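Working notes, structure below.
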Amino acid sequence: MTKIATWNVNSVKARLPHLVDWLKTASPDVVLLQEIKCVTEEFPRLEVEAAGYCCEVIGQKAYNGVAIVAKQKISDVIYELPGGADDDHARYIEGTVGDVRVASIYLPNGNPIDSPKFAYKLGFLERLRVHALGLFASERPVVLGGDYNVCPTDEDVWDVRAMARDALVQPETRAAFRKILHQGWTDAIRTLRPHGRHYTYWDYFQNRFTRDHGLRIDHLLLSPAAADRLKDAGIDRGPRAKEKASDHTPVWCELQ
DNA sequence: ATGGTCGGGCTCCGA
């Protein structure tokens, strides 16, 4: 059994105790991290290795940054999403662990929707669609995990009215996400829990977590070869309940 | 009713 998780940690340095703790208690084989918020050289490699994990990292100063953390060695790594000639954001890393190709994706937030940030988000989704097509065609087990900053349906939003102007729920955003899904990818959480509210993110404001006013924006997309092996998936709210928590919590799946 | 709270890096940006 292989357990693969995605977690936007909102600063890997601020979250290091929580991360190491979760590696020990949840014992995932692979964790796809987003928003590490440090340059590559400052990633806490020694502490993660001491917990029994390898890491591959692409960071930048202050913002963004993604990593793959795995018990086994990580090979054939690429450190950016192809097709972004003038894109210097550290938002994509992809590598092979065992026989599974995994990607850690930090999709642009895209707010406000009348700014260039929204166009950048839609452009990134289109680049991801093109790249995902190649991964899909490989017929390998592939897991595209990350903070997609997309609420696929209204059921993934605690308050549709409050979010109406938000980039995470716009029809264009959802259409671009669906275009990827429709290649044949399986949304691990929605497949195992077709109904109900299963949030992965709660804003720091207004005690949103304790009131379960959240969003489902962190996703694990599985290629058919991976989906055939899907045994379980879940959202571990434990880390979000802690003091000094990230605003996101880990989402995981188990492949046989 | 456009607030509220984080993290990073340095007086404000991004989420």
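In the text below, chain A, chain B and the rest are named by the order of the sequence lines, each starting its count at 1. Computed from a prediction, not measured in an experiment: that's the story for all the values here.
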Could you work out which one of [options] sits closest to the side chain of [X]?
| X | options | answer |
| --- | --- | --- |
| A:Lys117 | B:dG8, B:dA15, B:dT5 | B:dA15 |
| A:Asn10 | B:dG7, B:dG4, B:dG8 | B:dG7 |
| A:Ala62 | B:dT5, B:dG9, B:dA15 | B:dG9 |
| A:Lys37 | B:dA15, B:dG14, B:dG4 | B:dG14 |

Separation of atom [atom1] in [X] from atom [atom2] in [N], rounded to whole Å:
| X | N | atom1 | atom2 | result |
| --- | --- | --- | --- | --- |
| A:Leu168 | B:dG14 | CG | C1' | 13 Å |
| A:His248 | B:dG7 | NE2 | P | 13 Å |
| A:Tyr120 | B:dA15 | OH | P | 10 Å |
| A:Asn8 | B:dG8 | CG | P | 12 Å |
| A:Arg208 | B:dG3 | CZ | P | 14 Å |
| A:Arg240 | B:dA15 | CZ | C1' | 13 Å |
| A:Glu42 | B:dG9 | CD | P | 7 Å |
| A:Asn111 | B:dT2 | CG | C1' | 13 Å |

* N/O (side chain, A:Lys61) to phosphate O (OP1/OP2, B:dC10) under 4.0 Å -> yes
* Examine B:dG7: is either OP1 or OP2 under 4.0 Å from a nitrogen or oxygen in the side chain of A:Lys244? Give yes or no. => yes
* Structure fact -> Of A:Leu221, A:Leu133, A:Ile180, the one forming a side chain to side chain contact (heavy atoms under 4.5 Å, CB included) with A:Leu128 is A:Ile180
* So which of residues 15-24 of chain A are in contact with DNA chain B, with a heavy-atom cut-off of under 4.0 Å? -> A:Arg15
* **Whether A:Tyr148 and A:His219 hold their rings parallel, tilted or perpendicular, with breakpoints at 30° and 60°** => tilted
* Asked: Pick the nucleotide of DNA chain B nearest each of A:Tyr204 and A:Asn149; which residue has the one closer to the 5' end?
  -> A:Tyr204
* **Of A:Tyr63 and A:Gln206, the one whose closest DNA chain B nucleotide lies more 5'** => A:Gln206
* Asked: How is A:Arg91 classified with respect to the nucleic acid when contacts are heavy atoms under 4.0 Å: base, sugar-phosphate, or nothing?
  -> sugar-phosphate
* **Sugar-phosphate only, base, or nothing, as touched by A:Tyr106 at under 4.0 Å among non-hydrogen atoms** => sugar-phosphate
Without hydrogens or angle criteria, can the side chains of [X] and [Y] be said to hold a donor-acceptor pair below 3.5 Å?
| X | Y | value |
| --- | --- | --- |
| A:Ser246 | A:Asn10 | no |
| A:Trp202 | A:Asn207 | no |
| A:Gln34 | A:Ser104 | yes |

What interatomic distance, in whole Å, is found between [atom1] of [M] and the corresponding atom of [N]?
| N | M | atom1 | answer |
| --- | --- | --- | --- |
| B:dA1 | B:dT11 | P | 34 Å |
| B:dG9 | B:dC13 | C1' | 10 Å |
| B:dG8 | B:dT2 | C1' | 24 Å |
| B:dC6 | B:dC10 | P | 22 Å |

* N-O pairing of A:Asp156 and A:Arg197 below 4.0 Å -> no
* Is the closest basic N to carboxylate O distance between A:Arg174 and A:Asp154 below 4.0 Å? -> yes
* To do: Step by step, work out the salt bridge (Lys or Arg N to Asp or Glu O under 4.0 Å) result for A:Arg190 and A:Glu155.
  => CA-CA 11 Å; A:Arg190 252 324 162 215; A:Glu155 206 173 19; 3.6 Å; yes
